[in-house]
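One structure below.
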Amino acid sequence: MTFDLEEQEKLDALKDWWKRYGNWVTGALAILIIGAAGAQWWRYQQHEKSAQASVIYGALQLGLQANQPKTVKDDAAIIVDKYPGTPYASRAALISASSSIQAGDAKTAETQLRWVIDHTSEDGIKQLAVLRLAAVLLEQKDPAGALKLLDAPYNEAFAARFNDLKGDALVQQNKIAEARASYKIALEKIDAQSPYRKYIEVKLDALGGEPK
């Protein structure tokens, strides 16, 4: 009998607790279920978008191989517009920018590269876009704009190229001593076997050799 009374007391306490907090527990469980379902739906949507973007990206690469800049530009625009959150977007914009440069369309290339810089979450892709945009600006005789980009932090893997372009920008500003210093850093950072090393050496020699 004592046992039955204890069990009844426990049952009554549970009923009382459920009466007080049951709605809250039910609501919390519903939120958890909805959240899990929403996360699963989001992952599915991201997978679908990535798959769709990959198909267009493949067509873009075929257009690049066939030397069809309009196809490359159009396909890149579709990926950037419809699938900006996928890894294909920044890569497509980079490829399209290179194609635009080859076609002599620096304005379009600049727009595409700035999009990559502003939107990609991948440091390597961003810094590659910075380097390409700086080169475009130097072609347009805008060394100040190029230096503004090149003053941003960069990975060690890009050190030689960043400092080489800084040297080019400083030459355009007639800051010879600073240009020589930048070229020297570029030489220190570049691989000894790189064929580009000789090109930097020629530019440094043209300015009177290594800075003292």
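Numbering of residues begins at 1 and proceeds along the displayed sequence. Just the heavy atoms: all of them, side chains too, but no hydrogens, waters or symmetry mates, feed the values below.
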Using the side chain to side chain donor-acceptor pair (under 3.5 Å) criterion, which residues pair with [X]? Sequence neighbours excluded.
X    : value
T108 : D105
Q68  : none
E188 : K184
R161 : D164, Y196

Next on the checklist: Let's go through L60 and I95 carefully: what are the C-alpha distance in whole Å and the side-chain angles of both, what is the deciding distance for side chain to side chain contact (heavy atoms under 4.5 Å, CB included) to 0.1 Å, and is it a yes or a no?
Outcome noted: CA-CA 9 Å; L60 179 152; I95 292 174; 3.6 Å; yes
Let me check something: do [X] and [Y] share a hydrophobic cluster, defined by ILVMFWY side-chain heavy atoms less than 4.5 Å apart, either directly or through other members?
X    : Y    : value
L64  : I79  : yes
I78  : V80  : no
F162 : Y183 : no
L137 : L94  : yes
L187 : Y199 : yes

Determine yes or no for a side-chain-to-main-chain donor-acceptor pair under 3.5 angstrom, with [X] supplying the side chain and [Y] the backbone.
X    : Y    : answer
E178 : L170 : no
S100 : S96  : yes
R91  : P87  : yes

Checklist entry - Does the pair K70/D74 count as a salt bridge with the N-to-O cut at 4.0 Å? => result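 Salt bridge: yes.
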Checklist entry - For the atom pair CG (L113) and CG (L128), what is the distance rounded to the nearest 0.5 Å? => result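 Answer for the CG-CG pair, L113 versus L128, is 8.5 Å.
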Heavy atoms only: give me the nearest [X]-[Y] pair and the separation to one decimal.
X    : Y    : answer
T86  : A53  : OG1-CB, 3.9 Å
Q112 : A97  : OE1-CA, 3.0 Å
A179 : G167 : CB-O, 3.6 Å
L165 : A134 : CD1-CB, 4.2 Å
L204 : R180 : CD1-O, 3.7 Å

List, one per line, each side-chain donor-acceptor pair under 3.5 Å for residues 140-159, sequence neighbours excluded.
| residue | atom | partner | partner atom | Å |
| --- | --- | --- | --- | --- |
| D142 | OD1 | G145 | N | 3.0 |
| Y154 | OH | N163 | ND2 | 3.2 |
| N155 | OD1 | Q127 | NE2 | 3.4 |
| E156 | OE2 | K189 | NZ | 2.8 |

For [X], side chain to side chain contact (heavy atoms under 4.5 Å, CB included) partners two or more places apart:
X    : answer
T111 : none
T120 : S90, V116, E122, I125, K126
I101 : A109, V136

Next on the checklist: For D168 and K203: C-alpha separation, side-chain torsions, deciding distance, then whether side chain to side chain contact (heavy atoms under 4.5 Å, CB included) applies.
Outcome noted: CA-CA 9 Å; D168 293 346; K203 291 192 288 186; 2.9 Å; yes
Item to check | Connected hydrophobic set around I185, excluding itself, where side chains approach under 4.5 Å | outcome: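 Members other than I185 - counting any ILVMFWY side chain reachable under 4.5 Å - there are none.
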Checklist entry - With sequence neighbours left out, which residue pairs that include part of residues 129-138 fulfil the salt bridge (Lys or Arg N to Asp or Glu O under 4.0 Å) condition? => result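 Counting only pairs at least two positions apart or across chains, no salt bridge (Lys or Arg N to Asp or Glu O under 4.0 Å) contact touches residues 129-138.
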Next on the checklist: Once ring-ring contact (aromatic ring centres under 6.0 Å, His included) is applied, what residue pairs with a partner in residues 99-135 remain, sequence neighbours excluded?
Outcome noted: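 ring-ring contact (aromatic ring centres under 6.0 Å, His included) check on residues 99-135 returns W115-H119.
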Item to check | ring-ring contact (aromatic ring centres under 6.0 Å, His included) partners of residues 57-76, not counting sequence neighbours, each pair once | outcome: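 Those involving residues 57-76 are Y57-Y88.
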